[in-house]
Amino acid sequence: QVQLVESGGGLVQAGGSLRLSCAASGRTFMRYAMGWFRQDPGKEREFVAAISANGYVTEYADSVKGRFTISRDNAKNTVYLQMNSLKPEDTARYYCAAHKMVVARRASSEYDYWGQGTQVTVSS
């Protein structure tokens, strides 16, 4: 069992930056691919970014490519999402997820563990 705890959300003006963190429990973090998803009320959960277990491969949604960067520190059991040039349409609750394989995935159905999320609000 893996527990995931997100932090770093908040209110920011358009054009600003935030860095989300996701701390994972357990000794198997380095074997798991990790992903970030977001969801607005009334909408489906949306893929944002994913990273392979060794950190060498990353995937991004087109809507965030060039603005967001996913990274991980396996020594700290933590995955990050650096968000720059934020837009009002980035407003959502952001969730961290762990996939029990090493390859980064885009589909939320492939993830095995989820955090509770952290709210990001971007004002115009």
**Student:** To the nearest 0.5 Å, how far apart are CH2 in W36 and CE in M83?
**Tutor:**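 Atom-to-atom, W36:CH2 and M83:CE are 8.0 Å apart.
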**Student:** Holding to salt bridge (charged side-chain N to carboxylate O under 4.0 Å, His left out), I want the full list of residues that pass it with R31, two or more places apart in sequence or in another chain.
**Tutor:**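 For R31, no residue satisfies salt bridge (charged side-chain N to carboxylate O under 4.0 Å, His left out) once neighbours in sequence are set aside.
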**Student:** Shared ILVMFWY cluster between V79 and L18, side chains joined below 4.5 angstrom?
**Tutor:**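 Shared cluster, yes.
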**Student:** Rounded to the nearest 0.5 Å, what's the gap from CG on N77 to CD on Q3? Could you check?
**Tutor:**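 Between N77 CG and Q3 CD, I get 12.5 Å after rounding to 0.5 Å.
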**Student:** Going by atom type alone, with no hydrogens or angles, which donor-acceptor pairs under 3.5 Å involve a side-chain atom of residues 114-124 and a protein atom two or more places apart or on another chain?
**Tutor:**
| from | atom 1 | to | atom 2 | distance (Å) |
| --- | --- | --- | --- | --- |
| T118 | OG1 | G9 | N | 3.2 |
| Q119 | NE2 | A92 | O | 3.4 |

**Student:** I'd like to check L81 versus T69 (side-chain heavy atoms, cut-off strictly below 4.5 Å). Are they in contact?
**Tutor:**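 A side-chain contact is absent here, since even the closest heavy-atom pair is not under 4.5 Å.
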**Student:** Determine which pairs satisfy disulfide bond (SG atoms under 2.5 Å apart) with at least one residue from residues 73-124, sequence neighbours left out, and list them in order.
**Tutor:**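 Pairs touching residues 73-124 that pass the test: C22-C96.
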**Student:** Can you list everything that forms a side-chain contact (heavy atoms from CB on, under 4.5 Å) with A98? Sequence neighbours excluded, please.
**Tutor:**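 With neighbours one apart ignored, the set is L4, Y32, M34, Y113.
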**Student:** Can you run down the salt bridge (Lys or Arg N to Asp or Glu O under 4.0 Å) pairs that involve residues 110-124, sequence neighbours left out, and say none if there aren't any?
**Tutor:**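 Residue pairs with at least one partner in residues 110-124: R105-E110.
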**Student:** So, do V57 and V103 sit near enough that their side-chain heavy atoms are less than 4.5 Å apart?
**Tutor:**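 Result no, sub-4.5 Å side-chain heavy-atom pair not found.
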**Student:** Same cluster for F37 and V2 if Ile/Leu/Val/Met/Phe/Trp/Tyr side chains link at under 4.5 Å?
**Tutor:**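 No: no chain of side-chain contacts under 4.5 Å links F37 to V2.
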**Student:** Going from CZ on R72 to OG1 on T58, what distance comes out if it is rounded to the nearest 0.5 angstrom?
**Tutor:**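 Those atoms lie 12.0 Å apart.
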**Student:** Sort and list the pairs that fulfil ring-ring contact (aromatic ring centres under 6.0 Å, His included) and have at least one residue in residues 49-106, not counting sequence neighbours.
**Tutor:**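 Residue pairs passing ring-ring contact (aromatic ring centres under 6.0 Å, His included), neighbours aside: H99-Y111.
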**Student:** Verify, without hydrogens or angle tests, whether S109 (side chain) and A107 (backbone) share a donor-acceptor contact under 3.5 angstrom.
**Tutor:**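 It does not hold such a pair.
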**Student:** Looking at residues at least two apart in the chain, or sitting in another chain, which of them share a salt bridge (charged side-chain N to carboxylate O under 4.0 Å, His left out) with E59?
**Tutor:**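 So E59 forms a salt bridge (charged side-chain N to carboxylate O under 4.0 Å, His left out) with R106.
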**Student:** Taking only residues two or more places apart in sequence or in another chain, which ones pass side-chain contact (heavy atoms from CB on, under 4.5 Å) with A75?
**Tutor:**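 Listed in chain order: D73.
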**Student:** Would you please name every residue forming a salt bridge (charged side-chain N to carboxylate O under 4.0 Å, His left out) with R38, sequence neighbours left out?
**Tutor:**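 Result, salt bridge (charged side-chain N to carboxylate O under 4.0 Å, His left out) vs R38: E46, D90.
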**Student:** Hydrophobic cluster membership, with links at side-chain heavy-atom distances under 4.5 Å among I/L/V/M/F/W/Y: are F47 and L86 in one?
**Tutor:**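 Shared cluster, no.
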**Student:** Who are the side chain to side chain donor-acceptor pair (under 3.5 Å) partners of K43, not counting sequence neighbours?
**Tutor:**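 Result, side chain to side chain donor-acceptor pair (under 3.5 Å) vs K43: none returned.
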**Student:** Test of understanding: with side chain to side chain donor-acceptor pair (under 3.5 Å), list the residues that count as partners of N54, not counting sequence neighbours.
**Tutor:**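 Checked N54 against side chain to side chain donor-acceptor pair (under 3.5 Å); matches are S52.
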**Student:** Under the side-chain hydrogen bond (donor to acceptor under 3.5 Å, both in side chains) definition, can you give me all pairs with a residue in residues 7-23, not counting sequence neighbours?
**Tutor:**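 Non-adjacent pairs meeting side-chain hydrogen bond (donor to acceptor under 3.5 Å, both in side chains): S17-N84.
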